[in-house]
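This is the structure I want to talk about, given as structure tokens.
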Number of protein chains: 2
Amino acid sequence: MKPDHFEVTSACSAVHHILARVGDKWTVLVVSYLGNRSMRFNELKRAINGISQKMLTSTLRSLERDGFVTRTVYPTIPPRVDYELTDLGRDLLVPVRGLGDWAIKNEQRVSEARARFDAAHGNAEVQPGFADAAE
Amino acid sequence: MKPDHFEVTSACSAVHHILARVGDKWTVLVVSYLGNRSMRFNELKRAINGISQKMLTSTLRSLERDGFVTRTVYPTIPPRVDYELTDLGRDLLVPVRGLGDWAIKNEQRVSEARARFDAAHGNAEVQPGFADAAE
DNA sequence: CTGTATCCAGTCAGATACTG
DNA sequence: CAGTATCTGACTGGATACAG
């Protein structure tokens, strides 16, 4: 993690850390799947069709380091590793889902705002993945 | 944002969009300052000591595009531009603060988990104070 | 199966210079 | 004052190869 160039309070950096983790490309997806039940590495990888091994590993490691998931290794042949949300991880899911619900409820308002902005600025270019709800 | 390799619902992409915006390095800081009152460009820049002009501009533009802030230009000499949160922006502040409160409340638990993880993995570059009492 | 190591292309953020 | 343009180093994420 990069050091901040400016003075930050510990509350501020705590907030920023959580926000950055949650805003991460794969974190929420991983945590959401794990919110239902514990899963194995490749099971997770197949579920999140599109994540690379590297990214899944590093996402899982970060989550483990911050105490959001546990990693349980069964030294069998072939090896088996289970990932599961901790209490802290399940706890985190609450405010994250709050934000998620907000996003779903306000999706329309945001895409309308974007359509308005783009029209006003003559930019007809559409960002993939989020412009389909515009109307 | 890149096109998704996997099937996504529009709800999923809406959530991801909001999460990515909020997880952005400067967004929350800017929105927080604007949560108190409207501010001018350089005022904001001085307040967030460390942000570059470029990043402030692009953060503000994204926020404006998504309908979270308004940009008001007074064609005076010297020019003056006020930024202010919209209703949508103030609305967004609610779940974001929920997550922020969570981060502050659970800061200790997260840093304890990190200390534990780093200790277990031989990375001794952690802050002294509350060492692991477990085991 | 579950990773680690390496390489590489694309993107991001900061510094700097310039404009209205 | 409030930006825009450009260059560049740093970081990110993906693909591939390899190891326990």
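Heavy atoms only: backbone and side chains are in, while hydrogens, waters and symmetry mates are out. Numbers restart at 1 for each chain; the letters A, B, ... are given by sequence-line order, proteins then strands.
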**Message:** Please list all pairs meeting side-chain hydrogen bond (donor to acceptor under 3.5 Å, both in side chains) that have one or both residues in residues 66-79 of chain A, counting only residues at least two apart or in different chains.
**Reply:** H17(A)-D66(A), R21(A)-D66(A), R71(A)-Y83(A)
**Message:** Five pairs per end, C1' atoms only: what is the angle between the end axes of the helix from dC1(C)-dG20(D) to dG20(C)-dC1(D), to 10 degrees?
**Reply:** 40°
**Message:** Please enumerate all residues that pass side chain to side chain contact (heavy atoms under 4.5 Å, CB included) together with L19(B), with sequence neighbours excluded.
**Reply:** V22(A), V28(A), L99(A), V15(B)
**Asked** Would one find more than 12 heavy atoms of other residues, nucleotides or ligands at under 6.0 Å from atom CZ of R80(A)?
**Response** yes
**Asked** Could you give the CD-to-P distance, from Q53(B) to dA13(C), as a whole number of Å?
**Response** 16 Å
**Item:** Interatomic distance, R109(B) atom CZ to L88(A) atom CG [nearest 0.5 angstrom]
**Value:** 4.5 Å
**Request:** Take atom CG of D24(A) and atom C1' of dC11(D), then tell me their distance rounded to the nearest Å.
**Result:** 13 Å
**Message:** Rounded to whole Å, how long is the line connecting atom CD of E43(A) with atom P of dC1(C)?
**Reply:** 12 Å
**Message:** dT2(C), OP1 or OP2 - any side-chain N/O from R71(A) closer than 4.0 Å?
**Reply:** no
**Item:** dA2(D) phosphate, OP1 or OP2, under 4.0 Å from R40(B) side-chain N/O
**Value:** yes
**Message:** Output the rounded distance in Å from NZ (K25(A)) to P (dT12(D)).
**Reply:** 13 Å
**Request:** Check whether any side-chain N or O of Y83(B) sits under 4.0 Å from OP1 or OP2 of dC1(D), and answer yes or no.
**Result:** no
**Prompt:** Going by number, which of residues 54-64 of chain B have a non-hydrogen atom under 4.0 Å from DNA chain C?
**Reply:** K54(B), M55(B)
**Request:** List in chain and number order the residues that pass side chain to side chain contact (heavy atoms under 4.5 Å, CB included) with S58(B), two or more places apart in sequence or in another chain; answer none if no residue qualifies.
**Result:** M55(B)
**Request:** Please state whether the phosphate of dC12(C), meaning OP1 or OP2, lies under 4.0 angstrom from any side-chain nitrogen or oxygen of W26(B).
**Result:** no
**Request:** Could you state the atom-to-atom distance from CD1 of I51(A) to C1' of dT12(D) in whole Å?
**Result:** 13 Å
**Prompt:** Residues in side chain to side chain contact (heavy atoms under 4.5 Å, CB included) with D24(A), at least two apart?
**Reply:** T27(A), T59(A)
